[in-house]
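Working notes, structure below.
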Amino acid sequence: MSGSAAFFDLDHVLIPGSSMYLMARDLRSHDVYRARDLVGVAARRAKIRLARESDRDLSAMRDEALASIKGCHHHEMEAWGRQIAAYEILPWVYPDIAKMIAAHCAAGDRTYLVTPTARELAEPVARSLDMTAAAGSILETGPDGRYTGRRIGALIQGAAKAELISELAEREHIDLRRCHVYSNTIEDKQLLTWVGHPHAVNPDPGLWKLAVRRGWAVHELRPIRRQILVGAPPIVPLGALVGLGYVAGLLRSRRR
């Protein structure tokens, strides 16, 4: 018998903004990041929030983060990851998303956090939310246990993310047709079309258009945009704005 699962991204799905920025800000307090590095990350984060980011912006942001921790010991990063998860990430988790994760767990679904964010941060976040497991970027360490400033493998996004989840589903005997994927980006179009229950959470413009056209569930958790959408029913099909009620109803029907 094949199982079912729910896959969640971190940035803009579990939390309003960028976990990388929150991580950089905390590392600054440990003198790992310089003040000017933090300013650069903040500037790129602002562009991302305005949906004007480019691949170059995102790549540069990640490269700076990797360069900044070069020479740090992985035990230090693991401790920082737990601290950042507890004090910088978890307080910002959307309550509705936390309820969705809990509902999936109660229904017997496996729940996974799948994100480009470093594994050292993704894993404690997943544990704190009682999720099954987390998959995050793997940062290379040398024989002395210190980071080299390089990443192992591709970033977990787009096609790489879809491939990772497909392999996990095959290994764990999970039926993708019974699965839920919660994403905010059109980069996950391929993955969202594979699963039986795609969800657009705080979607970027490309994903919003696709979700509305295909009648996928849309969860708009950003306060201002939620007000705009609630006030514009002729533009957004009622079936697309289902939020937590959609998930709860679906899970209840499965238990009958």
- prompt: Please walk me through it: do Asp11 and Asn184 pass side chain to side chain contact (heavy atoms under 4.5 Å, CB included)?
  reply: CA-CA 8 Å; Asp11 295 355; Asn184 76 298; 6.0 Å; no
field: side chain to side chain contact (heavy atoms under 4.5 Å, CB included) between Thr185 and Leu207, worked out
entry: CA-CA 6 Å; Thr185 175; Leu207 180 57; 5.5 Å; no
- request: Step by step, work out the side chain to side chain contact (heavy atoms under 4.5 Å, CB included) result for Ile97 and Leu129.
  value: CA-CA 10 Å; Ile97 292 294; Leu129 294 171; over 6 Å; no
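Partners of Arg110 under the salt bridge (Lys or Arg N to Asp or Glu O under 4.0 Å) rule, at least two apart in sequence or in another chain, are Glu172. Taking the side-chain hydrogen bond (donor to acceptor under 3.5 Å, both in side chains) definition, one finds that Glu78 meets it with nothing, sequence neighbours left out. The salt bridge (Lys or Arg N to Asp or Glu O under 4.0 Å) test applied to Arg127 returns no partner, not counting sequence neighbours.
Exactly one of Asp188, Val114, Leu192 qualifies for a side-chain contact (heavy atoms from CB on, under 4.5 Å) with Val181. That residue is Leu192. Residue Tyr147 is tested with Glu140, His74, Glu120, His73 for a side chain to side chain donor-acceptor pair (under 3.5 Å); the sole match is Glu120.
No donor-acceptor pair closer than 3.5 Å links the side chain of Ser166 to the backbone N or O of Ala162. Between the side chain of Asn202 and the main chain of His12, a donor-acceptor pair closer than 3.5 Å is present. When atom types are taken as modelled, the side chain of Ser137 and the backbone of Pro116 share a donor-acceptor pair closer than 3.5 angstrom. The backbone N or O of Gly71 sits less than 3.5 Å from a side-chain atom of Arg146, completing a donor-acceptor pair.
Across every non-hydrogen atom of Thr111 and Ile101, the tightest pair is CG2-O, 4.1 Å. The minimum heavy-atom distance linking Ala98 with Val93 is given by the pair CB-CG1, 4.2 Å. Annotation for His219 and Met100: closest pair ND1-CE, 3.3 Å, computed over non-hydrogen atoms. Contact detail for Tyr94 and Arg222: the closest heavy-atom pair is OH-CG, 4.1 Å. Looking at every heavy atom in both residues, Asp130 comes nearest to Cys105 through O-SG, 3.7 Å. Taking each heavy atom of Pro91 and Ala85 in turn, the nearest pair found is CD-O, 4.3 Å.
Separating the CG atom in Asp175 from the NE2 atom in His173 is a distance of 12.5 Å, to the nearest 0.5 Å. Atom CG of Leu10 and atom OG1 of Thr117 lie 4.5 Å apart (nearest 0.5 Å). Atom-to-atom distance recorded for Leu139:CG and Arg150:CZ is 12.0 Å, nearest 0.5 angstrom. Atoms NZ and CD1, on Lys209 and Ile186 in that order, are 10.0 Å from each other to the nearest 0.5 Å. Rounding to the nearest 0.5 angstrom, the gap separating the CD1 atom in Ile138 from the CG atom in Leu155 is 11.5 Å. Expressed to the nearest 0.5 Å, how far OH of Tyr112 lies from OG1 of Thr132 amounts to 5.5 Å.
Aromatic ring orientation, His104 versus His180: perpendicular (interplanar angle above 60°, classes split at 30° and 60°).
No side-chain donor from either of Asp9 and Ser183 sits under 3.5 Å from a side-chain acceptor of the other.
Two residues are said to be in side-chain contact when any heavy atoms from C-beta on lie closer than 4.5 Å; Leu210 and Trp216 meet this criterion. Counting heavy atoms from C-beta outward, Lys161 and Phe7 have side chains that stay 4.5 Å or more apart.
One hydrophobic cluster holds both Trp92 and Ile89 under the rule that ILVMFWY side chains link at heavy-atom gaps under 4.5 Å.
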